[in-house]
Amino acid sequence: MSSANGLDVRLYVVTDPALTPADRLAEMCVAAVRGGATLVQLRDKKAPDGELAAMAAGLARALAPWRVPLVVNDRLDVAAATGSGVHLGVHDATPAQARARLGHEAIVGLSVEAPEQLDPERIDPASLAACSYLAASPVCETPTKIDTLAPLGLAGVTAIRRRSTVPLVGIGGINTPQRAAEVIAAGAAGVAVVSGVFAAPDPQEAARALRAAVDDALARRRDQP
Ligand SMILES: Cc1ncc(COP(=O)(O)OP(=O)(O)O)c(N)n1
Ligand SMILES: Cc1nc(C(=O)O)sc1CCOP(=O)(O)O
Ligand SMILES: [Mg+2]
C-alpha cells in the first residue's frame with residue numbers, strides 16, 4: 001500500500017556496517033525484502049564515496065527484481081551517481097538541493113528531530129515541498145545511533161504528523177512488533193528499523209513480524225471512526 005505520493009514506507013530497513021557487512025549486504029537486504037521490507041537505506045557513515053557508490057550499485061541490482069527502492073544516507077553525490085534516493089538530516093544538504101540534483105521522481109527523505117522544526121519560520125517551504133517522506137528522529141533511545149536529540153516518544157510522532165502531509169516514518173528503538181504498532185497508532189505511515197531486523201537471528205522472519213504488525217496497525221487506524 002503506497003502513500004499519496006506513491007512511496008511505500010511501511011517497513012523501511014536501514015543498513016549498518018556492523019550488522020550488514022559488505023560481503024553480506026545484498027543477501028541480508030534481500031532477506032528483509034522477502035520478509036516484507038518496502039524500502040532500503042544504505043547507511044555507512046565511514047565508507048569513502050567510491051566504495052559507497054559500488055555498494056549502492058550492487059545493492060540496487062539485487063533489489064531491482066523486487067521493485068524495492070534504494071535510498072543512500074547523507075551522500076547526495078553517491079545518490080546521484082547511482083540513481084538512488086537520499087536521506088538527509090539537519091547537517092546534510094537541504095531537501096531542495098537534493099530535489100534539484102536528483103530530479104522530480106527521486107526519493108528525498110528528511111529527519112525531523114522536533115515538531116517545531118516544521119514551523120514555517122524554521123523550514124524553507126521549498127525544502128518541505130521537496131520531501132518524499134519525513135522521519136521522526138528518534139522515537140526511542142537506541143544504542144545504534146547515540147548522537148541524537150532526546151527521544152520524541154509517541155506524542156512527538158503525533159505532533160510531527162499533525163504538521164505535515166508527506167508520509168512519516170518513525171526511527172529509533174523500534175525493534176519489536178508491539179513498538180512498531182504503537183508508532184503506527186501514533187500517526188506514522190511506517191517504521192524505519194536497523195537492529196530489529198539486521199541484528200535478528202533471522203532477518204527475514206523479523207521483517208515479516210514487523211511488517212505484519214505495521215499492516216495490522218494501519219488497518220486498525222483506517223477502521224477508526
Ligand atoms: C529513515 C532515517 N531517519 C533518520 C535518519 C538519521 O539521519 P541523520 O539525522 O542525518 O543522521 P545520520 O543517519 O546521518 O547519522 C536516517 N539515516 N534515516
Ligand atoms: C539511523 C538512525 N537514525 C536515527 C535517528 O533518530 O535519526 S536512530 C537510527 C538508528 C536506529 O537503529 P535501531 O533501529 O537499531 O534502533
Ligand atoms: Mg545524515
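The side-chain hydrogen bond (donor to acceptor under 3.5 Å, both in side chains) pairs that include a residue from residues 73-82 are K45-D74, D49-R75, D77-R101, T82-S84, where partners are two or more places apart or lie in different chains.
Judged purely by atom type and a 3.5 angstrom limit, R162 has no side-chain atom pairing as donor or acceptor with the backbone of V157. Counting only distance, with no hydrogens or angles, the side chain of S127 and the backbone of A96 share a donor-acceptor pair below 3.5 Å. Panel note: side chain D202, backbone E205; a donor-acceptor pair is recorded below 3.5 Å. Checked by atom type and distance alone, the side chain of T38 pairs as donor or acceptor with a backbone atom of R10 at under 3.5 Å.
Taking the side chain as every heavy atom from C-beta outward, Y133 and V169 approach each other to under 4.5 Å. Contact check for R179 versus C140: side-chain heavy atoms found under the 4.5 Å cut-off. The side-chain heavy atoms of V13 and Q41, taken from C-beta on, include no pair separated by under 4.5 Å. Put simply, the side chain of Q178 reaches to within 4.5 Å of the side chain of E182, judged on heavy atoms. Under the 4.5 Å side-chain criterion, counting only non-hydrogen atoms from C-beta, D124 is not in contact with T94. At a threshold of 4.5 Å between non-hydrogen side-chain atoms, the residues T15 and F198 count as touching. With a 4.5 Å cut-off on side-chain heavy atoms, L152 and I160 count as touching. Side-chain contact between I107 and L39: present, with at least one pair of heavy atoms (C-beta onward) separated by less than 4.5 Å.
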Show your reasoning for whether side chain to side chain contact (heavy atoms under 4.5 Å, CB included) applies to I174 and T142.
CA-CA 9 Å; I174 305 171; T142 174; over 6 Å; no

Given the rule in the side chain to side chain contact (heavy atoms under 4.5 Å, CB included) test, do V72 and H87 qualify, once you have shown the distances and angles that lead to the verdict?
CA-CA 6 Å; V72 171; H87 183 89; over 6 Å; no

L154 vs V183, test: side chain to side chain contact (heavy atoms under 4.5 Å, CB included). Steps then yes/no.
CA-CA 6 Å; L154 297 174; V183 173; 4.0 Å; yes

Could you walk me through whether V193 and N175 pass side chain to side chain contact (heavy atoms under 4.5 Å, CB included), step by step?
CA-CA 7 Å; V193 178; N175 46 21; 5.7 Å; no

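The side chain to side chain contact (heavy atoms under 4.5 Å, CB included) test applied to A57 returns R61, not counting sequence neighbours.
For the side chain to side chain contact (heavy atoms under 4.5 Å, CB included) criterion with L42, the lone passing option out of T20, L52, V14 is L52. None of I123, V166, D92 except one satisfies the side chain to side chain contact (heavy atoms under 4.5 Å, CB included) rule with L110; the exception is I123.
In this structure, CG on L59 lies 4.5 Å from CG on L63, to the nearest 0.5 angstrom. To the nearest 0.5 Å, atom CG of residue L210 and atom OG1 of residue T176 are 7.5 Å apart. Between the OG atom of S137 and the CG atom of L149 there is a distance of 7.5 Å, given to the nearest 0.5 Å. E51 CD to D44 CG: the interatomic distance, rounded to the nearest 0.5 Å, is 7.5 Å. Between the SG atom in C131 and the CG atom in L118 there is a gap of 8.5 Å [rounded to 0.5 Å].
Between V86 and A79 the shortest heavy-atom distance is CB-CB, 4.0 Å. Between A207 and G36, the shortest heavy-atom contact is CB-N, 4.5 Å. Contact record, T144 with D16: CG2-OD2, 3.5 Å, taken as the closest heavy-atom pair. Of all heavy-atom pairs between T148 and P138, the closest is OG1-CG, 3.6 Å. Across every non-hydrogen atom of R211 and G35, the tightest pair is CB-O, 4.2 Å. Closest heavy-atom contact between R99 and A130: NH2-O, 2.8 Å.
Environment of CD in E141: sparse, with no more than 12 heavy atoms of neighbouring residues, nucleotides or ligands closer than 6.0 Å.
Cluster annotation: W66 and V40 are assigned to the same hydrophobic cluster (Ile/Leu/Val/Met/Phe/Trp/Tyr, side-chain heavy-atom contacts under 4.5 Å, transitive).
With respect to the salt-bridge test (charged N to carboxylate O, under 4.0 angstrom), the residues D147 and K145 qualify.
Judged purely by distance below 3.5 Å, without hydrogens or angles, the side chains of E113 and Q117 never pair a donor atom with an acceptor atom.
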